[in-house]
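Every chain is numbered from 1, with letters handed out A, B, ... down the list of sequences.
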Amino acid sequence: MTIDEVKDALAGYDGRELTLMEVCGSHTRAIAEYGIPGILSPKIRLLSGPGCPVCVTPSSYIDRLLEIGRQPGHVITTFGDLMRVPGSDSSLSEAKSEGVRVDMVYSPMQVVTMAAEEPEKTFVFAAVGFETTIPVYAALVDCIIKKDIRNIRLLLSLKTMPKVIAHLMEGGAAIDGFLAPGHVSVVTGANAFRPLAETYGIPFVVGGFEAKELLLAIYDLVRLQGQGVVKNDYPSVVTAEGNPAASELCDTYFTPADALWRGMGTIPGSGLLLKKEYRRLDMGSDALLSDHKKNAACICGQVLMGKKLPGECPLFAKACTPEHPQGACMVSGEGSCRAYFVYQR
Amino acid sequence: MCVALPGIVEKIEDNNVIVDFSGNKVRAFGGFCKLAPGDRVLVHAGCVLQVVSQSEAEELESILKDIDVIGGGTPVRDVRSFADEAAGAVL
Ligand code: SF4
């Protein structure tokens, strides 16, 4: 079979109507960027799920970061993606312009050097992410413990993918197959999705990020409809078992905990916190239990759960644009509202 | 945020590696994989997550071939008819 035949088959599909969901922010962006929904038969509907870590970070997390950043001698360090996410009143970016020190990094490990250069300051890393990024935080914690570094702390908002997918399905989401997240699977292994596939009797296909790879994965989801199976269409980096060394280090320092998802509420066991013996490095991640909407009309939660499309939000492309985001899904380049806005998905 | 990019390992010093992204050299944590100079690796947030085992083109070819074996080029609208054959290809 050639990729053109795959494309034709997807355009001409005339079977049962299918709803497929991607749960990775980078997939959301790539699908929109390549215009993939426009290639598919109207009988194949693609939805974006809660796969953008920034989009599911609750407002109380941002509020707590701002509170810490306003304390003398504290420096917030973060990935750039988090800068414009709205808290209850303000974002990190707004606080920075008011004089709060917020330093952007490309890797959490950079903070080790920063902390050594300014020993009188406490550096707090805003550790947000899914299974892809969690090993990097585990490596940072490992370094802090082994080198006995006293001036690095973390504020965690760590989430795990299988639990939120189970939550969606238990909530009655009518999804016929999941495009499993490529880079999460590099760490967890494709097998992490097998229990879900078997429980709900639907396929999970791990896909890459190029247009052809996405088309293939979608084709496989259509082909395997109704079967509780896992297929790996990204074998150059994803194995059945993932990266055991990375998973092991995560297990050394983190333990499952309930987690609050923006707009979706608390999902039992869907997050990670530092184990009790390492909790001294934490800046209060277990107490972040409130989620305040910047704009009461924002329906981010329903968009993240695949219940509504961004265009169904009354604020979409009116009060809410990438320049003036009202919800986190419009902030991140990987958010569904942003993808729909920018690429007119 | 979950973006990961491929690069080539240039130098290894304990758990730290220098990865070359088309001429751009970046320090990364390499403690999660057995690495050797010249390895093509996937890097996320300054951390090597995996050694890339084949090129994108090779990967695509192998999956397409796999679909051929399973589906025999059957159009996707007939997909329900080869559901059982497909079972052999999944993990
Ligand atoms: S368009 Fe804006 S306000 Fe509406 S759901 Fe998306 S992020 Fe929220």
Side-chain angles (χ1 to χ4, degrees), chain A residues 1-3 5-6 9-10 12-15 24-26 51-54 79 81 106-110 128-130 132-133 135-136 139 181 183-184 186-187 190-191 194 208 210 212-213 216 219-220 222-227 229-237 240 243 245-246 249 332 334, chain B residues 1-6 15-16 19 26-34 40-91:
Chain A
M1 197 169 197
T2 66
I3 195 72
E5 286 168 333
V6 166
L10 286 174
Y13 171 75
D14 196 24
C24 165
S26 301
C52 156
V54 168
F79 294 122
D81 305 49
Y106 91 93
S107 169
M109 302 308 277
Q110 284 173 271
V128 167
F130 288 111
T132 319
T133 322
V136 196
H183 293 143
V184 163
V186 170
V187 175
N191 271 349
R194 189 198 286 275
E210 294 303 319
K212 290 174 183 174
E213 293 173 320
L216 268 180
Y219 180 81
D220 267 332
V222 173
R223 207 165 57 82
L224 298 168
Q225 61 181 281
Q227 296 182 64
V229 292
V230 174
K231 185 163 187 284
N232 179 7
D233 279 354
Y234 196 24
S236 59
V237 284
N243 185 325
L249 199 67
S332 165
E334 299 179 346
Chain B
M1 218 189 104
C2 294
V3 177
L5 296 172
N15 277 343
N16 285 317
V19 182
V26 172
R27 183 177 293 277
F29 174 78
F32 293 139
C33 304
K34 277 207 177 79
R40 194 171 148 81
V41 290
L42 191 71
V43 180
H44 166 70
C47 175
V48 177
L49 287 185
Q50 195 58 275
V51 178
V52 182
S53 67
Q54 57 189 156
S55 75
E56 243 160 49
E58 283 168 348
E59 174 167 271
L60 208 65
E61 215 169 282
S62 70
I63 299 167
L64 283 165
K65 212 169 114 210
D66 180 39
I67 289 177
D68 258 347
V69 172
I70 303 158
T74 316
V76 90
R77 63 176 68 89
D78 298 327
V79 73
R80 281 157 296 181
S81 65
F82 59 83
D84 290 341
E85 296 168 60
V90 297
L91 291 170

message = Below 4.5 Å, heavy-atom pairs only: which of A:Pro235, A:Ala245, A:Ala139, A:Pro181 has the largest tally toward chain B?
response = A:Pro235

remark   = So CD of B:Gln50 and SG of B:Cys33: to nearest 0.5 Å the spacing works out to 5.0 Å

query = When rounded to the nearest 0.5 angstrom, what distance separates NZ in A:Lys231 from CG in A:Asp220?
reply = 3.5 Å

inquiry  = Can you tell me which portion of B:Val41 sits under 4.5 Å from chain A's heavy atoms? Options are side chain, backbone, both or neither.
reply    = neither

inquiry  = Is B:Leu42 in contact with chain A via its backbone, its side chain, both, or neither, using a 4.5 Å heavy-atom distance?
reply    = side chain

remark   = Checked B:Ala28, B:Ser53, B:Gly31 vs chain A; the most non-hydrogen pairs under 4.5 Å come from B:Ser53

Contact origin within A:Val186 toward chain B - heavy atom pairs under 4.5 Å = both

Contact class of A:Tyr106 relative to chain B, heavy atoms under 4.5 angstrom = both

message = Taking B:Phe32's backbone N and O only, do any of them form a donor-acceptor pair with A:Asn243's side chain (distance below 3.5 Å, no angle check)?
response = yes

request  = Could you give me the CA-CA distance, side-chain angles and deciding distance for B:Val43 and B:Leu5, then say whether side chain to side chain contact (heavy atoms under 4.5 Å, CB included) is met?
outcome  = CA-CA 5 Å; B:Val43 180; B:Leu5 296 172; 5.7 Å; no

key: A:His183 side chain near A:Tyr234 side chain, heavy-atom distance below 4.5 Å   = yes

